[in-house]
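If you read the sequence from its start, that first residue is 1, and numbering goes on from there.
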Amino acid sequence: VQLQASGGGLVQPGGSLRLSCAASGIRVSISNMAWYRQAPGKERELVARISSVDTTIYADSVKGRFTISRDAAKSTLILQMNSLKPEDTAVYYCSAGVVTMYWGQGTLVTVSS
């Protein structure tokens, strides 16, 4: 199983970014998938999760701003991030699996003016 996250970068406060996680070796359509993030000096935290039946949950800090979705045809997990804030700065990781959860490498998101 391989998970390849991309789409991070530098963005100004109030801006948007779209993160993608390309999955191989796993059936995206039946997997539980999630985005986590880890800011400098902090523990890794859940950002958003989508279940195998498309139930979604979000951290309170991102509700109304971030949207998690999957494109099963492209085996890709997506995180649309709008109205970004400096406190969203972190390395973002994708995770996916049915029973065992697998992790991809992170992609850095920096929100700064």
4.5 Å side-chain heavy-atom contact, S112 and P86: no

Derivation and outcome, salt bridge (Lys or Arg N to Asp or Glu O under 4.0 Å), residues D88 and K85: CA-CA 5 Å; D88 295 319; K85 304 175 180 180; over 6 Å; no

Sidechain-backbone polar pair: T76 side chain, K74 backbone, donor-acceptor under 3.5 Å: yes

Test item: W35 and S95 side chains (from C-beta on) under 4.5 Å apart, heavy atoms: no

Distance (rounded to the nearest 0.5 Å) between M33 CE and S69 OG: 10.0 Å

Q38 side chain to Y92 backbone, donor-acceptor under 3.5 Å: no

Residue pair N82 / S16, side-chain donor-acceptor N/O under 3.5 Å: yes

Cation-pi check, R44 onto Y93 ring (under 6.0 Å, within 45° of axis): yes

Shortest non-hydrogen contact between A23 and V28, atoms and distance: CB-CG2, 3.7 Å

Main-chain N/O of V111 paired with T89 side-chain donor or acceptor, under 3.5 Å: yes

side-chain contact (heavy atoms from CB on, under 4.5 Å) between M81 and R65, worked out: CA-CA 6 Å; M81 306 187 295; R65 300 189 297 122; over 6 Å; no

Residue pair L84, F66: steps toward the side-chain contact (heavy atoms from CB on, under 4.5 Å) verdict: CA-CA 9 Å; L84 283 160; F66 291 11; 3.8 Å; yes

Exceeds 12 heavy-atom contacts within 6.0 angstrom, atom CD of E43: no

L77 vs L3 side-chain heavy atoms within contact, under 4.5 Å: no

Hydrophobic cluster identity match, V91 and I78, side-chain contacts under 4.5 Å: no

Test side-chain contact (heavy atoms from CB on, under 4.5 Å) applied to T67 and L79, step by step: CA-CA 6 Å; T67 302; L79 185 69; over 6 Å; no

Rounded distance (nearest 0.5 Å) linking atom OG of S113 with atom CD of Q12: 7.0 Å

Main-chain N/O of A34 paired to R49 side chain as donor or acceptor, under 3.5 Å: no

Heavy atoms from other residues, nucleotides or ligands near CD of Q105 exceed 12 (cutoff 6.0 Å): yes

L17 vs V109 side-chain heavy atoms within contact, under 4.5 Å: yes

Side-chain touch I30/V98, heavy atoms, less than 4.5 angstrom: yes

Expected output: side-chain T110 to main-chain G9 donor-acceptor under 3.5 Å: no

Within-4.5 Å side-chain heavy-atom neighbours: R37 and S61: yes

S29 OG to D54 CG distance, which is reported to the nearest 0.5 Å: 10.0 Å

Test side-chain contact (heavy atoms from CB on, under 4.5 Å) applied to I57 and L46, step by step: CA-CA 9 Å; I57 60 171; L46 175 69; 3.9 Å; yes

Backbone N/O of S52 and side chain of N32: donor-acceptor pair under 3.5 Å: yes

Flag, side chain of R70 to backbone of S31, donor-acceptor distance under 3.5 Å: yes

Test item: Y58 side-chain N/O and I68 main-chain N/O as donor-acceptor pair under 3.5 Å: yes

Nearest-0.5 Å distance that lies between atom CD in Q2 and atom SG in C21: 11.0 Å

